[in-house]
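Because only heavy atoms are used, hydrogens play no part in the values below, and waters and symmetry mates are left out as well, while side chains stay in.
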Amino acid sequence: MKYLILIYNNPATRRLWSEFSDEQRAEGWRAYAALDEEFAASGELIVSEALADPSQGRRVLAREGVTTTTDGPFAEVKEHLAGFYLLECESFERAVERASRIPEAAFGLVEVRPVMELP
């Protein structure tokens with residue numbers, strides 16, 4: 001079964017990251033690279049990606065053959081999606097165990113959701 005592990009950040013974690021030295025940031029990126037390698041070695045990793053800040057995204061409206069984009073309105077939230085892992089695991093419990101290895105789990109900012117299998 002496939003599981004999407006969603007990684008969020010919030011003002012406190014963004015502030016913490018901004019206060020890191022260059023070496024601390026590099027260490028953080030190395031931790032994610034190590035997780036990528038570990039999950040890939042287990043055969044569970046399908047894909048992982050970090051996401052740009054929501055301000056760089058666009059909302060898309062497609063109606064009557066016309067597509068338009070806007071830079072909002074976005075929901076006013078303090079937390080936003082920062083990245084994800086898509087894993088194929090033997091069980092929900094295994095996906096949760098994998099998610100617990102992500103640094104943001106220490107802040108309660110990691111969510112695991114099964115991917116629906118559509119007919």
Show the atom names and distances, to 0.1 Å, of all donor-acceptor pairs under 3.5 Å that link a side chain in residues 80-89 to residues at least two apart or in another chain.
residue: H80; atom: ND1; partner: R14; partner atom: NH1; Å: 3.2
residue: H80; atom: NE2; partner: N9; partner atom: OD1; Å: 3.3
residue: Y85; atom: OH; partner: D36; partner atom: OD1; Å: 3.0

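- Residues that satisfy the side chain to side chain donor-acceptor pair (under 3.5 Å) test with S42, not counting sequence neighbours, are E44, R98.
- The structure places CZ of F39 at 6.0 Å from CD1 of I5, a figure rounded to the nearest 0.5 Å.
- Here the straight-line distance linking atom OG of S91 with atom CZ of R94 works out to 8.0 Å at 0.5 Å rounding.
- In this structure, L118 shares a hydrophobic cluster with M116, the cluster being traced through Ile, Leu, Val, Met, Phe, Trp and Tyr side chains under 4.5 angstrom apart.
- Residues P103 and L35 have side chains in contact (heavy-atom distance under 4.5 Å, counting atoms from C-beta outward).
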| request: Evaluate the side chain to side chain contact (heavy atoms under 4.5 Å, CB included) criterion for residues D71 and R58: first the C-alpha distance (whole Å), next the side-chain angles of each, then the deciding distance (0.1 Å), finally the verdict. | output: CA-CA 5 Å; D71 60 358; R58 297 292 176 267; 4.0 Å; yes

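- Sorted by first and then second residue, the salt bridge (Lys or Arg N to Asp or Glu O under 4.0 Å) pairs with a member in residues 101-113 read E38-R101, E111-R113; sequence neighbours excluded.
- Hydrophobic clustering places W29 together with V47 (ILVMFWY residues linked when any side-chain heavy atoms are closer than 4.5 Å, directly or through intermediates).
- What you find for P114 and F92 is that their closest heavy atoms are CD-CE1, 4.1 Å.
- Side-chain contact between F107 and L16 is present, with at least one heavy-atom pair separated by less than 4.5 Å.
- A distance of 10.5 Å separates CD in Q56 from CG in L51, rounded to the nearest 0.5 Å.
- Nearest heavy atoms, A99 versus A105: O-CB, 3.8 Å.
- Of the inter-residue distances, the one linking L109 atom CG with I102 atom CD1 reads 11.0 Å to the nearest 0.5 angstrom.
- Taking V66 as the reference, T68 meet the side chain to side chain contact (heavy atoms under 4.5 Å, CB included) condition, with sequence neighbours excluded.
- Ion pairing between a basic and an acidic side chain is recognised when a charged N comes within 4.0 Å of a carboxylate O; E23 and R30 show such pairing.
- Counting heavy atoms of neighbouring residues, nucleotides and ligands inside a 6.0 Å radius, atom CG of D22 does not exceed 12 of them.
- Side-chain atoms of R59 and T69, non-hydrogen and from C-beta on, never get closer than 4.5 Å to each other.
- The 12-atom threshold is not exceeded at CD of E27, counting heavy atoms of other residues, nucleotides or ligands nearer than 6.0 Å.
- In this structure E90 satisfies the side chain to side chain donor-acceptor pair (under 3.5 Å) test with no other residue, sequence neighbours excluded.
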